[in-house]
Amino acid sequence: MVEVRERVQDRPTQAAPCDVAIEGKPHAEPLSKDPIALSSKPSMFERYGKGPEADVPKPLEGTPVDVPVDFQGLEDLARASRRALVSDKMARIAIEIVAGLVVIMLAALIAKIVIDGWDKLLDWNFLTGKPEQFKEGGGIGPELFNSFYLLVLTLLVSLPLSLGGAIFLSEYAPANALTALAKTAIETLSSLPSMIVGLFGFLFLVLQMGWGFSIMSGAIALTMFNIPILVRVISQALEAVPQGQRDAALALGLTRWEATIHVLIPAAMPAIVTGVVLSAGRVFGEAAALIYTAGQSAPALDFTSLDLASPACPWNVWRPAETLAVHIWKINSEGVVPDLSAISNGTAAVLLVCVLAFNLLARVVGRALERRITAS
Amino acid sequence: MNASSSAVLGAPATSAPASALLATRDLTVSYGAKEALHPTSLSFRKGEVTAFIGPSGCGKSTLLRCLNLMNREVVGCTMGGRILYRGRDILAPDVNVYELRTSIGMVFQQPTPFRLSIAANVAFGPRHHGLAASREADLVERALRRAALWDEVKDDLKKSALALSGGQQQRLCIARALAMEPEVLLLDEPCSALDPISTFAIEETIRDIAASGVCVIIVTHNMEQAGRVSDRCAFFYLGTMVESGPTLELFNAPRTQRLSDYLTGRFG
């Protein structure tokens, strides 16, 4: 009863008559005690009746209360919506469980890697020292540098090529069979096993071209499987820019090329940065393609050397260069140092931190770039 | 061809009147083998607003996109006849379309602000055509004032244009086109994505722009809008320019049954 009165007080003149009909209890108290009765307008109870014994005017012809209420229909409806609520809740719980499992698995993996490698991760000698062949206590200094150097070189080669390819495919290429073939080829290349790329690099770059195991061979091999990913990501980003942006730029008298450079690329920049980060992550973690191209040895580096022909010069692109990922593989497959599991775990942790750091860096750079472009 | 379609918006059909800034002569547009616009001859003068009206797919936007040669960007689109701008045929192969578009501006159906600040959006065109940085602030203010947006954005010129409302974005696009000081402004259903208040603001702006001596051509679905903003009107149906003339005459005494039916809402 109280419930009914409260609802009526909320909206004294507009309360739906069926509210009373559904809640359906007779009015027990005298009308004068009803706060609503004090108002000048007739209360809902006066107008529509308050129960079987009520002595109040009948509702007017044509008012909604005359419409027979389909109680069965209302109950069915209520049951159906209860069912929908339950299934919605269950679906939500199921999704949350799955998502939670994924997060737990990933978190556990990361925690395991970081915990196992924690000692080495904070050990400056390990991070900068040179690897040992037989003794314990070797470091990963050259490997760490090589990983970054190789990544930068690979991006230097693959980014301009991919940008060019993506711009051509999305902005210039006529919609014909040749373009479709090129797109299919790129899709196929992007799922090419890295071992194949590595063996191709070994046969062609290392042997045929005579480059030997070198950073250059590694960078070109990595470029080969980096390009398809980048081209796909960049051309998708460019295609996602609304046609109106192109039209608007052209209508201002820009050429197609100017429109691409000044409007489309800035508009696609966030997606391009994401693509670069993704591909960089792959390059960082790549081992198979590098074993056969950049080699498995890491000559000690002398950072004071600027003699580009010397194997000790860090910037020499013709020296063999083992990366972190290759180091993990090599230590585990043919390492003879006594502390190999500690080194392997430490390297894995360093690799993980590097990938994370690169992602953060790329995001910061991307955001700064965007701010520069959008607020100039 | 309908007799009236060769009539030049109330002027003699023989040659472009001296006052016509822009004119089409038997202009046709085809997509592949299909002729989307049958021979059309119209003239447009400075300081006047011309509206293209007609049901969807009648060729009015197609014609509009010829006037700044945007159709050149569409694969498979060919144009025939002549488009005379200042007496010169701009369909001639030696015409520099990029230069042409600096004096024939265009605003599209959906607002198309660039991912730039408000000021950079307005200055975008002039910057690319060699505007000195020292003149930029003046030019931005002038263009925004003409588009009736200055008072709303003068304190936020460095903010992103994407933060503006739809109506403001569309006026920003008008300001961006005006910053090039065009002689002709083409508007392709500029209000179809906007609410009535923004629409009203843009219609006011259009009248002011025309009053400042620009030749304005607007495509619209909305008959009331055509009545409110335009001096002259051209009615299109199925790729044919059926009737053209001063808007009031056309609306009060349509010469063709089709326009009469369209005006009374029998189709369209």
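Sequence lines set the chain letters: A, B, ... in the order given, protein chains first and strands last, and positions in each chain run from 1.
For A/Val263 against B/Phe124, the heavy-atom pair with the smallest separation is CG2-CZ, 3.4 Å.
Within residues 241-253 of chain A, the residues having any heavy atom under 4.5 Å from a heavy atom of chain B are, by residue number, A/Gly244, A/Gln245, A/Asp247, A/Ala248, A/Ala249, A/Leu250, A/Ala251, A/Leu252, A/Gly253.
No part of B/Gln110 comes within reach of chain A, as not one of its non-hydrogen atoms sits under 4.5 angstrom from that chain. Residue B/Phe108 touches chain A through its side chain alone, counting heavy-atom pairs closer than 4.5 Å. Contact annotation for B/Leu69: neither backbone nor side-chain heavy atoms come within less than 4.5 Å of a heavy atom of chain A. For B/Arg65, the part sitting under 4.5 Å from any heavy atom of chain A is the side chain, from C-beta outward, and nothing else.
Here the straight-line distance linking atom CD of A/Glu258 with atom NE2 of B/His128 works out to 6.5 Å at 0.5 Å rounding.
The number of heavy-atom neighbours closer than 6.0 Å to CD of B/Glu99, taken from other residues, nucleotides and ligands shown, is 12 or below. No more than 12 heavy atoms of other residues, nucleotides or ligands shown are found within 6.0 angstrom of CZ on B/Arg82. More than 12 heavy-atom neighbours from other residues, nucleotides or ligands sit within 6.0 angstrom of CZ on B/Arg72.
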Q: Please report the C-alpha distance between A/Met269 and B/Arg115 in whole Å, then the side-chain angles of each, then the deciding distance to 0.1 Å, and finally whether the side-chain contact (heavy atoms from CB on, under 4.5 Å) criterion is met.
A: CA-CA 10 Å; A/Met269 190 52 86; B/Arg115 284 172 63 103; over 6 Å; no
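Heavy-atom pairs under 4.5 Å with chain A peak, among B/Ala161, B/Cys173, B/Pro113, at B/Pro113.
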